[in-house]
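These numbers come from a predicted model, not from an experiment. Excluded from the calculations below are hydrogen atoms, water molecules and symmetry mates; all remaining heavy atoms, backbone and side chain alike, are included.
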Amino acid sequence: MTPAQRQARRRARLRRHDHPPSAPPARRTPSRPQRWATAVAALLDLQEEYCAWLDNLPTSLGGSRLAEKLQIIVELDLEELQAIETPRGYGRD
């Protein structure tokens, strides 16, 4: 085998084995307004779940600390959070 053939075989082997699989492209984080909207939606969903929990609470637990805490969560006005218009920044407001 000539030196050129050996070099070609070596280069082909290096091309096959040295390159790890390419990494997936980096994910971009959502913008702050998008994250705000997602967080508010999650809070509203949780509030609905707590409201359903309070509605299905046995009557024996009606005056308990659990019922009081659930009532406080249900009475929170989270609609105001939804109405907030977040700044977009960099002069785009």
Side-chain angles (χ1 to χ4, degrees):
M1 184 177 298
T2 67
Q5 290 171 330
R6 271 196 298 264
Q7 184 65 27
R9 188 171 63 178
R10 181 177 186 283
R11 286 183 180 157
R13 187 175 57 235
L14 288 175
R15 267 186 256 125
R16 278 183 277 151
H17 298 295
D18 276 353
H19 295 290
S22 61
R27 290 180 49 188
R28 296 184 72 184
T29 58
S31 66
R32 285 188 182 106
Q34 289 171 336
R35 289 186 290 171
W36 177 264
T38 302
V40 170
L43 284 173
L44 289 169
D45 289 342
L46 281 171
Q47 189 179 37
E48 287 177 18
E49 289 179 25
Y50 283 121
C51 184
W53 185 6
L54 181 63
D55 291 342
N56 294 324
L57 204 61
T59 55
S60 62
L61 295 175
S64 67
R65 288 183 53 189
L66 173 64
E68 291 173 11
K69 290 180 180 184
L70 290 173
Q71 188 65 38
I72 290 170
I73 292 171
V74 168
E75 289 175 355
L76 286 174
D77 187 14
L78 298 179
E79 300 296 329
E80 287 183 23
L81 292 177
Q82 205 169 22
I84 293 174
E85 191 172 324
T86 57
R88 295 186 309 179
Y90 297 111
R92 294 179 287 174
D93 293 340

Closest non-hydrogen atom pair, Pro33 against Thr86
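Answer, listing the atom of Pro33 first, then Thr86: CB-OG1, 3.3 Å.
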
Any idea which heavy atoms bring Ala67 and Leu54 closest together, and the distance?
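Heavy-atom minimum between the residues: O-CD1, 3.9 Å.
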
Residues in side chain to side chain contact (heavy atoms under 4.5 Å, CB included) with [X], at least two apart?
| X | answer |
| --- | --- |
| Ala37 | none |
| Glu48 | none |
| Thr2 | Ala4, Gln5 |
| Leu44 | Val40, Gln47, Leu78, Glu79, Gln82 |

Among all residues two or more places apart in sequence or in another chain, which pass the side-chain hydrogen bond (donor to acceptor under 3.5 Å, both in side chains) test with Glu75?
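Listed in chain order: Gln71.
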
Can you tell which of Thr38, Leu81, Ile73, Leu76 makes a side-chain contact (heavy atoms from CB on, under 4.5 Å) with Leu43?
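For Leu43, the side-chain contact (heavy atoms from CB on, under 4.5 Å) test succeeds with only one of Thr38, Leu81, Ile73, Leu76, which is Leu81.
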
Side chains of Leu14 and Arg10 in contact at under 4.5 Å (non-hydrogen atoms)
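A side-chain contact under 4.5 Å exists here.
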
Can you list, by chain and residue number, the hydrophobic cluster partners of Met1 when the side-chain cut-off is 4.5 Å?
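ILVMFWY cluster around Met1 holds nothing else.
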
For the CZ atom on Arg32, are there more than 12 heavy atoms of other groups (residues, nucleotides or ligands in this structure) within a distance under 6.0 Å?
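Count not over threshold, so no.
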
